[in-house]
Each structure stands twice: as structure tokens, then as C-alpha cells.
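The sequence lines fix the lettering, A, B, ..., with proteins before strands; numbering per chain opens at 1.
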Amino acid sequence: MADLGNILLFFLFPLSVFTALTAYAAGVTKRRGLLDAARRGAYAAFGVTTLAVLCLEYLLVTSDFSIEYVASNTNLGLPLFYKIVALWAGHNGSLLLWTWIVTIFSAIVAYQHRHKNNDLMPYVIFVMATTMAFFSVLSVFIANPFETLYQEVGNVLQEFAVADGRGLNPLLQHPAMIIHPPILFIGYVGSVVPFAFAIAALISGKLGAGWIHTTRRWALTTWGFLAVGIVLGGKWAYVELGWGGYWAWDPVENASLLPWLTATAYLHSVMIQERKGMLKVWNMALVISTYLLSVFGTFLTRSGVVSSVHAFANSGLGPAFAVFISISTVLSFGLLLYRRKDLKPDEEMESLVSRESGFLFNNLLFLLATIAVLWGTLFPVISELFTGDQITVGPPWFNNIMIPIGLALLLLTGVGPLLAWRHTSVETMKRSFGIPILGSLVLVVVLLLAGIRDGWALGSFAISFFVMWTIVVEFVKGTLVRSKNSGENFVKALYMLSRKNTRRYGGYIIHAAIVVMFLGFTGNAFNSETRAEVGEGDSFQLGPYTFTAKSIVSNTTENYSSETLTMEMTKDGRLIDTISPEKRFYFASEQPSTEVDIYSTLREDIYAVLSGMSNDGERVIVQVYRNPFVSLVWIGAMILVFGTLFAMLPNYRENGGGL
Amino acid sequence: MSFLGYLTGIAFLLWAVVPLFKKDSTWISLFVEAEELADRKRRVYGNIADLEFDFAMGRLSEKDFKGIRQSFLSEAGRVIEKIEGQKSADIMNRIQSDISNLGKKTKHKKKKSNSKSKCSICGTENLVEAKFCMKCGKEL
């Protein structure tokens with residue numbers, strides 16, 4: 001089966017090269033036969049890769065330990081479900097997953113546009129097939145998941161199989177981890193579609209807004225996947241890593257944030273090209289950057305250039321990625337430079353207080369955020385280059401820069417949609433912003449009186465209130481106008497209003513989601529924690545809560561051994577909950593893992609970690625964190641998913657125009 | 001197993017190559033200018049819809065609204081004239097009808113109406129489904 005998989009995977013390379021060449025030739029000659037062949041090439045590439053993935057799945061499920069990948073990432077005692085998802089647990093498998101998703105997307109795009117966009121499609125397929133070719137080279141020649149184990153017998157290399165595998169990394173044995181990588185990968189790889197259309201527009205000279213309309217849903221979908229992937233990563237880190245938080249500005253976390261930042265800027269910035277014919281170069285640059293940063297993200301995860309929680313070892317992929325990213329950067333931006341004269345704005349900016357300038361500020365802030373995160377992430381590499389030492393910038397550095405940028409962006413979320421195109425008069429601004437600004441100021445005074453002194457937190461609460469107010473007013477006002485015109489009741493009018501412009505109101509829902517998430521982030525300003533050494537019957541205090549250790553139990557299963565501490569959590573003498581953090585030691589991988597226990601409410605999380613045994617071996621060390629508002633981050637993410645799906649619905653068309 | 005792999009791979013390759021040997025034809029590209037005009041039409045109609053929404057939501061004064069609307073209407077007139085390659089007296093009415101039909105279920109192109117409604121301010125004859133006067137911008 002490994003041979004079969006290997007050969008099938010090998011065919012991906014000639015197929016993608018064939019597809020790229022015929023597609024490009026089709027673009028130049030406009031011959032249908034060539035375009036048909038290129039399209040079939042894309043389908044065939046999907047076919048062989050899918051079969052190769054199935055072969056690898058078969059090897060994983062049947063525990064064929066003569067295959068290095070299977071032996072390194074699974075063991076006999078592993079539940080079947082984890083064997084299946086071990087496809088993306090390791091280095092080579094996850095690269096195959098990446099490659100597979102590229103072929104899936106290429107096939108879908110080729111099929112969707114089989115009867116349209118003939119002028120763009122050859123180059124679209126060309127770009128996607130080139131990406132496919134690159135990843136096939138990696139999967140076949142550098143990080144092949146079908147490689148067998150060898151040992152030296154005498155002077156001869158012989159294949160052999162181990163009796164049992166090393167098992168799946170315990171940190172990965174978590175439900176969020178099962179869906180996090182594929183979701184994030186779909187987000188990463190999805191960026192290739194808008195990128196391919198943008199490059200196709202640049203090559204063919206069809207630089208109108210056509211490519212933007214065509215890729216709107218793709219861009220939104222991949223943006224949504226990227227967002228969910230990032231949040232799931234955070235959720236996994238929170239539940240699994242046991243340090244009490246969900247975001248640490250780890251290089252790989254940053255790598256997923258970077259393309260999301262540029263993609264978010266792009267989703268906003270295209271609106272101004274569609275309406276005003278402005279910011280064309282920006283949009284091209286943003287879509288190109290999103291793709292390059294997605295590949296860069298994969299490179300960071302896979303190459304081990306900077307150390308991170310995603311400890312994939314150095315693997316020889318680094319140089320290949322570096323070459324590919326460099327060539328793609330030079331060619332894409334070179335092409336953009338070449339076409340710059342055709343990308344002049346159709347209109348000029350008329351006023352600094354207009355929706356146009358709001359979008360421009362938005363772009364600039366996102367760009368600033370991207371540069372800051374990129375700089376901080378690569379600083380260890382840059383510092384090593386100049387000083388010989390890797391100097392890492394920690395979370396405080398990122399927080400100092402990103403909190404103000406984040407709050408400025410949040411503020412724009414509230415201001416931008418209320419500005420009119422071209423120019424907004426002072427009168428209108430007073431009308432739109434007067435009450436929410438006043439409300440925010442009152443809120444700040446109330447919070448100050450309540451004893452909150454953290455400046456950033458006060459700013460965040462005030463801005464969140466302001467933005468939420470403007471969003472609610474948008475919905476209510478629109479609904480009232482519609483209700484008055486159509487005679488519909490409020491609920492029906494609200495539904496119809498939103499369904500008639502799903503993009504606008506889906507956007508507002510996403511903005512509301514971001515506000516909710518920001519409130520969750522702001523909770524970090526009020527975190528508290530304590531550490532205690534406890535034996536059975538001992539108590540300790542955190543805030544208003546008293547924790548009493550009831551039992552310490554040892555247990556051994558086929559997969560791991562564990563210690564579990566059970567504590568009662570009381571407040572004012574009343575039992576709130578029983579919390580049982582656990583520490584495990586996995587036999588196959590010889591790795592410890594902490595299973596945190598979290599008591600979660602809307603107001604705060606009580607997060608308990610069993611750190612280990614005390615020196616005398618009779619008591620355990622437990623760390624308890626009190627994290628306010630964390631649930632809001634996850635709730636915000638769910639609202640964000642809903643908003644994204646809503647924005648993708650087609651607009652409802654009815655008998656009667658207007659609102 | 002290896003044999004099966006080669007067989008499948010080659011079969012996929014051959015299947016992809018087949019169209020190269022079929023009787024071939026070429027497609028004709030749309031002129032860049034035609035695409036630009038379609039773009040401009042889409043844009044100006046979208047702008048008018050946005051403007052009406054912004055006005056209804058109280059984001060701009062009536063004076064601004066009328067002025068900007070008039071300039072969009074003129075732009076729409078220029079675009080349609082270019083697309084159709086001729087000047088037509090009926091074009092402004094058509095645009096009016098197009099705009100008031102934005103977001104409607106029925107295909108507005110097929111629906112031609114001859115009924116008119118008179119503007120109470122300037123007396124211009126407008127299509128009966130028009131929401132604003134095409135000359136002075138007054139809500140009908």
C-alpha cells in the first residue's frame with residue numbers, strides 16, 4: 001500500500017507541471033483544447049492526491065509500523081479516531097494535507113468556472129497548478145509520508161518494522177486539535193484562490209473589479225476559516241498547554257494571525273474599489289501579501305526557523321520554502337509594478353472625513369499591525385543575523401504595540417460605517433456620534449468609581465460600548481425606516497432589512513462579534529492566580545473562593561498513568577463546584593501532559609492545573625488562575641462564524657426596492 | 001501494488017491529455033473597454049443604492065443627497081450611452097426604472113412601463129415606479 005501511495009503521489013508532480021504549462025499556453029493562444037486539458041489536469045491532480053491520502057489513511061488505521069510516519073505518530077493502543085486524524089499530527093502528513101487541499105480547491109475552481117471567465121481561467125489554473133507543483137515536490141522528495149524504516153544489516157540497508165509506534169503527541173489528543181489544523185489549513189490554502197485570480201487579472205490585463213466579484217465568497221470563506229482556526233488554536237492552547245492563557249504571541253500563532261490581518265484589510269478595502277474604483281494597488285498588494293504570508297506561515301511551522309510550541313524539527317524544507325516565497329514575492333510584486341499604470345484610481349479622495357478615508361485608515365492600521373507582528377516574530381532571526389544571539393521579544397512587547405493598534409481598529413469599526421461616501425458634514429457627525437460618545441464617557445466615570453484604574457481596560461470598555469451602540473442603532477434605525485415604509489412589524493422588518501443586504505448586515509454582526517471578543521481580551525487586565533502545595537484536607541484561597549483538597553488519586557491505563565487532585569471550590573461557605581485537575585504521563589511517547597479543569601461562567605473562568613508532586617512526594621502542587629471574561633472570546637468567535645455565514649447568503653430580492 | 005499505481009497515474013495523465021487531440025477552436029475575449037463599462041455601470045448603480053440608504057439613515061443632508069444623486073445619474077447616463085453607442089432620450093427614464101427596481105425579484109429589463117407620474121415640484125414626468133424625481137431629486 002505504501003508503494004501504491006508513493007507512486008500516486010509521485011504522479012502529482014508531472015500532472016501539476018502539465019496543468020500549469022497547458023493552462024498558460026491556453027491563456028496565450030486562447031485555444032479551448034488547451035484549457036480543457038488544463039482543467040482535466042486539475043481534476044486528475046485532485047484524483048491522484050486523494051487516492052494517495054486514502055493509502056496513507058489505510059496505513060495509519062492498520063498500524064503498518066514499517067512506515068516511518070505511522071511509527072512516529074501512532075501506536076497500537078491509540079483509539080481508532082486518533083489514528084485517522086494522525087494524518088495531520090506529524091510533519092510530512094500535514095504537508096500532504098496542505099497539498100491535498102490545494103488540489104481540492106483547484107479542482108473546485110476549475111469546475112465552477114468551466115463555462116465562464118475564459119480570459120482569466122487559464123492563468124488562474126496556471127497559478128494554482130504552480131503552487132501544486134511546489135508542494136508536490138516537497139511531499140514527494142523532501143517530506144514523503146510513505147517513507148519506510150531502514151536499518152543497516154551488515155553493509156546492506158534493509159526495511160524493517162517496529163513492534164509498536166511512538167504514539168500520538170499527547171498534546172494533540174484533544175478534540176479542538178483534531179479540527180484546528182485542517183480548518184487553519186483551509187484558511188491558509190484558500191488564500192491561493194483570490195491570489196490566483198488577482199495574478200490572472202494582472203497577467204491578462206483584465207484589471208476591472210471582475211476578479212474581486214468572482215472571488216468574494218472565496219475570500220470571505222477562507223477568512224472565516226482562518227479566524228476559526230486561530231481561535232481554535234487559542235482554545236487548544238488554553239485547555240491543553242496549562243499555562244492559564246490562550247494567546248502568547250508564539251511565532252506559529254503569529255504566523256496564522258499575519259495572513260488574517262491582511263485578509264481582513266482586503267475584505268474591507270475591496271468595497272472601495274467596487275464603489276469608487278480606488279485603492280486598486282492596495283487590493284492587489286493585500287491579496288498577494290495574504291497568500292505569501294499563508295505560505296510563510298506554513299514555512300514557519302515546518303522549518304523550525306524560530307522555536308515555538310509547534311516543535312517541528314528542522315527538516316530541509318526551509319531552503320525550499322525560502323526559494324519559493326522569494327520567487328513568488330518578486331514575480332507577484334514585479335507584475336504589480338509592471339501594471340501599476342493601469343491601476344490608477346478612477347476618483348480622488350475628496351475629504352478626510354469620509355468613508356473612503358475611513359477605509360484607507362483601516363488599511364494603514366492593518367498594515368501597521370502586520371508589520372509589527374512580522375517584525376516581532378522574525379526578531380530572533382534578525383538579531384541572530386546581526387549579533388549572533390537569538391533575542392526573543394516577549395508578549396509585553398507585542399501587547400504594548402498591538403493593544404493600541406487593536407483599539408484604534410475597534411474604534412474604526414464603530415466610526416467607519418457611519419461615515420458617508422465623499423464627505424460627512426459636522427452636523428451629521430454630531431447626530432451620529434454625540435450620544436454614543438457621551439454614553440462611553442459616562443461608562444468610564446462609572447468604571448473609575450467602581451475602582452478600575454487600568455487605562456487600556458477603561459479605553460477598551462469605552463470603545464466597545466461606543467461600537468456596540470452604533471451597531472445596534474444601525475439595526476434599529478434601518479428596521480424602523482423599513483417598518484414605516486413597508487408596514488411590516490419590527491421582527492419581520494429586521495429580518496427583511498438584513499436579508500436584503502447580507503453583506504452589510506453580516507459585516508455588522510461580525511463587528512459585534514469582534515467587540516465581544518475584545519471584551520474577552522480585556523479580561524486579561526484583571527487576571528489573578530495563586531500556587532499552593534496541598535495534601536488531602538488542606539485549603540487555600542483565591543479571591544472570594546476557597547479550595548479544599550478532598551482526594552489525590554493515582555491511576556494507570558493502557559495509554560498513560562495519572563494523578564488526579566479533586567478539590568471543592570466554595571464561596572462564602574457555599575459549594576460552587578468540584579474541580580479535578582490531572583497530570584498524565586504517556587508511556588509510548590514518554591511525555592507528561594497536564595489535563596486542566598476549568599469552571600467556566602460568563603463572568604470568569606476558574607482554571608486549575610496540577611503542576612506536579614511536592615519534593616516529599618506526599619502532596620501535590622496546584623496552580624489556580626482566575627480569568628475574567630474568557631468565555632466572551634469563544635462566544636464572540638461563534639457570533640463571528642454566524643456573521644460570516646450570514647454575509648455569504650445571497651441578497652433577498654423582493655417586489656419593491658429601497659430599504 | 002506498484003503496477004496498479006503506475007496504471008492509475010498514467011490513466012489520469014492520458015485522460016488529461018485527450019482534449020489536446022480533439023478538434024479545436026478558440027474563444028473570443030471581451031473587449032477590455034466593454035468590461036470597464038460594465039464595471040462602471042455596476043458601480044454607479046451600487047453607489048445610488050448606497051446613497052439612498054445613507055440618506056434614509058440620516059447620514060447626509062438633503063442638499064448633499066440631491067447634489068450627489070444628480071451627479072450619479074449623469075454618470076449613469078454617460079455609461080449607458082457608451083454601452084449602447086447612441087444617445088437616447090429615454091435613457092434617463094430607463095436608469096430611473098433600473099434604480100427603483102434594484103433588489104426586486106422581477107427582471108427589470110423586460111419590464112417596460114409607459115405610465116408616468118408628475119413631480120409636484122418641477123412637473124417632470126417620471127416613471128410611476130420611480131422613488132425620486134429624475135430632474136430635481138424630490139421624493140415622489
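- Side-chain contact annotation: Asp64(A) with Ser66(A), donor-acceptor N/O pair under 3.5 Å present.
- With a 4.5 angstrom heavy-atom cutoff, Leu480(A) does not touch chain B via any of its atoms.
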Could you walk me through whether Ser136(A) and Leu9(A) pass side chain to side chain contact (heavy atoms under 4.5 Å, CB included), step by step? CA-CA 8 Å; Ser136(A) 71; Leu9(A) 190 58; over 6 Å; no
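- Heavy-atom pairs under 4.5 Å with chain B peak, among Gly33(A), Ala2(A), Pro14(A), Ala42(A), at Gly33(A).
- Interface remark: Thr19(A) contributes no atoms to any contact with chain B (heavy atom separation under 4.5 Å).
- Within the cation-pi definition used here (under 6.0 Å to the ring centroid, within 45° of the axis), Arg69(B) does not qualify as a partner of Phe72(B).
- If you check the side chains of His113(A) and Arg39(A), you find no donor sitting under 3.5 Å from an acceptor.
- Between the side chains of Asn6(A) and Asn144(A), at least one donor N or O lies within less than 3.5 Å of an accepting N or O.
- For the pair Glu75(B) and Arg40(B), the salt-bridge criterion is met [side-chain N within less than 4.0 Å of a carboxylate O].
- A ring-centre distance under 6.0 Å is found for Tyr508(A) and Tyr505(A).
- Between Tyr24(A) and Tyr123(A), the angle of the ring planes goes over 60°, which puts this pair in the perpendicular group of the 30/60° scheme.
- Heavy-atom distances place both the backbone and the side chain of Asn118(A) under 4.5 Å from chain B.
- Looking at Ile10(B), the atoms closer than 4.5 Å to chain A (heavy atoms on both sides) sit in the backbone and in the side chain alike.
- Of the two parts of Asp54(B), only the side chain, counted from C-beta on, holds a non-hydrogen atom closer than 4.5 Å to a non-hydrogen atom of chain A.
- Proximity to chain B (any heavy atom under 4.5 Å) is restricted, for Asp346(A), to the side chain, taken from C-beta onward.
- Contact count versus chain A (heavy atoms, under 4.5 Å) is highest, among Gly5(B), Ser2(B), Gly9(B), for Gly9(B).
- With a 4.5 Å cut-off on non-hydrogen atoms, Leu4(A) touches chain B through its backbone and its side chain both.
- Heavy atoms closer than 4.5 Å to chain B are found nowhere in Leu12(A), neither backbone nor side chain.
- When only modelled atom types and interatomic distance are considered, Thr502(A) and Asn651(A) share a side-chain donor-acceptor pair under 3.5 Å.
- Taking chain B as the reference chain and counting heavy-atom pairs below 4.5 Å, the highest number among Gly277(A), Gly41(A), Gly210(A) is found for Gly277(A).
- For chain A, the option among Asp50(B), Thr8(B), Leu13(B) with the highest count of heavy-atom pairs below 4.5 Å is Asp50(B).
- Of the residues considered (Arg40(A), Glu274(A), Arg31(A), His213(A)), Arg40(A) shows the highest number of contacts with chain B, using heavy-atom pairs under 4.5 Å.
- Contacts between Leu8(A) and chain B at a heavy-atom distance below 4.5 Å involve the side chain alone, from C-beta outward.
- With a 4.5 angstrom heavy-atom cutoff, Gln273(A) touches chain B only via backbone atoms.
- Between Phe11(A) and Phe12(B), the distance from one ring center to the other does not fall under 6.0 angstrom.
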